*Asks:* 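Pasting a structure here, questions to come.
None of these values were measured; they are calculated from a predicted model.
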Amino acid sequence: MKTAILAIGRHEEILQTVLRILAKNEDWTAEGALTDEAAIQLFNGNDFDIVLLTSGITEECEQTLYAYFKAQKPGVIIIQHYGGGSGLLSNEILQALDERKL
């Protein structure tokens, strides 16, 4: 079963890059959203394992989204990723998945 990831960001080019990186892993599926409203709609219509918060999201929006997603699905993993290349992104996700198994 593939790990479903919801990537949220405010910069379309960066979000598309993140989605391309995620698509390279055959064990992952990913969808992206540029607004909180789109993210919530996608989250409610799918069974995401991970929510990935990328660059451009204000701290206030991060806190609101975090609270919403955790209230809807307490076991969802939320990762804040602010860049650093594809290796770092993949490692952050793999580490979070490993920690969940513990």
*Asks:* Scan residues 3-41 for pairs that pass ring pair (Phe, Tyr, Trp, His ring centres under 6.0 Å), counting only residues two or more places apart or in two chains.
*Replies:* none
*Asks:* Under the side chain to side chain contact (heavy atoms under 4.5 Å, CB included) rule, what do Ile50 and Leu97 come out as? Steps first, then yes or no, please.
*Replies:* CA-CA 9 Å; Ile50 295 174; Leu97 290 170; 3.9 Å; yes
*Asks:* Is there a side-chain contact between Asn46 and Leu6 (heavy atoms, below 4.5 Å)?
*Replies:* no
*Asks:* To the closest 0.5 Å, what do you measure between OG1 (Thr29) and NZ (Lys2)?
*Replies:* 7.0 Å
*Asks:* Identify, with sequence neighbours excluded, every residue that meets side chain to side chain donor-acceptor pair (under 3.5 Å) alongside Glu26.
*Replies:* none
*Asks:* Taking only residues two or more places apart in sequence, or in another chain, which ones meet Asp47 in a salt bridge (Lys or Arg N to Asp or Glu O under 4.0 Å)?
*Replies:* Lys73
*Asks:* If hydrophobic residues (ILVMFWY) are linked whenever their side-chain heavy atoms come closer than 4.5 Å, directly or via other members, who joins Met1 in its cluster?
*Replies:* none
*Asks:* Tell me which pairs pass ring pair (Phe, Tyr, Trp, His ring centres under 6.0 Å) where either residue lies in residues 40-59, with sequence neighbours left out.
*Replies:* Phe43-Phe69
*Asks:* Measuring from Thr35:OG1 to Glu37:CD, what's the distance to the nearest 0.5 Å?
*Replies:* 4.5 Å
*Asks:* Side-chain heavy atoms under 4.5 angstrom apart, residues restricted to Ile, Leu, Val, Met, Phe, Trp, Tyr: same cluster for Leu94 and Leu52?
*Replies:* yes
*Asks:* Ile40 and Ile57: same hydrophobic cluster, using ILVMFWY side-chain contacts below 4.5 Å?
*Replies:* yes
*Asks:* Can you list everything that forms a side-chain contact (heavy atoms from CB on, under 4.5 Å) with Gln41? Sequence neighbours excluded, please.
*Replies:* none
*Asks:* Side chain to side chain donor-acceptor pair (under 3.5 Å) with Glu62: which residues, sequence neighbours excluded?
*Replies:* Gln80, Tyr82
*Asks:* Test your reading of the model: is there a side-chain donor-acceptor pair from Thr54 to the backbone of Ile8, 3.5 Å cut-off?
*Replies:* yes
*Asks:* If you measure from NZ on Lys70 to CG on Leu65, what distance do you get to the nearest 0.5 Å?
*Replies:* 13.5 Å
*Asks:* Hydrophobic cluster membership, with links at side-chain heavy-atom distances under 4.5 Å among I/L/V/M/F/W/Y: are Leu53 and Ile79 in one?
*Replies:* no
*Asks:* Applying side chain to side chain donor-acceptor pair (under 3.5 Å), can you list everything that pairs with Gln72, at least two apart in sequence or on another chain?
*Replies:* none
*Asks:* If you look at every heavy atom in Leu42 and Gly32, which pair is closest and at what distance?
*Replies:* CD1-O, 3.5 Å
*Asks:* So, using side-chain contact (heavy atoms from CB on, under 4.5 Å) as the criterion, who are the partners of Ala23 when residues are at least two apart?
*Replies:* none
*Asks:* Residues in side chain to side chain donor-acceptor pair (under 3.5 Å) with Tyr66, at least two apart?
*Replies:* none
*Asks:* In a table with atom names and distances, give each donor-acceptor pair under 3.5 Å that connects a side chain of residues 14-22 to protein atoms at least two apart or in another chain.
*Replies:*
from	atom 1	to	atom 2	distance (Å)
Thr17	OG1	Glu13	O	3.0
Thr17	OG1	Arg20	NH2	3.1

*Asks:* Please name the pair of heavy atoms, one in Val76 and one in Asp49, separated by the smallest distance, quoted to 0.1 Å.
*Replies:* CG2-O, 3.5 Å
*Asks:* Can you list everything that forms a salt bridge (Lys or Arg N to Asp or Glu O under 4.0 Å) with Arg10? Sequence neighbours excluded, please.
*Replies:* Asp36
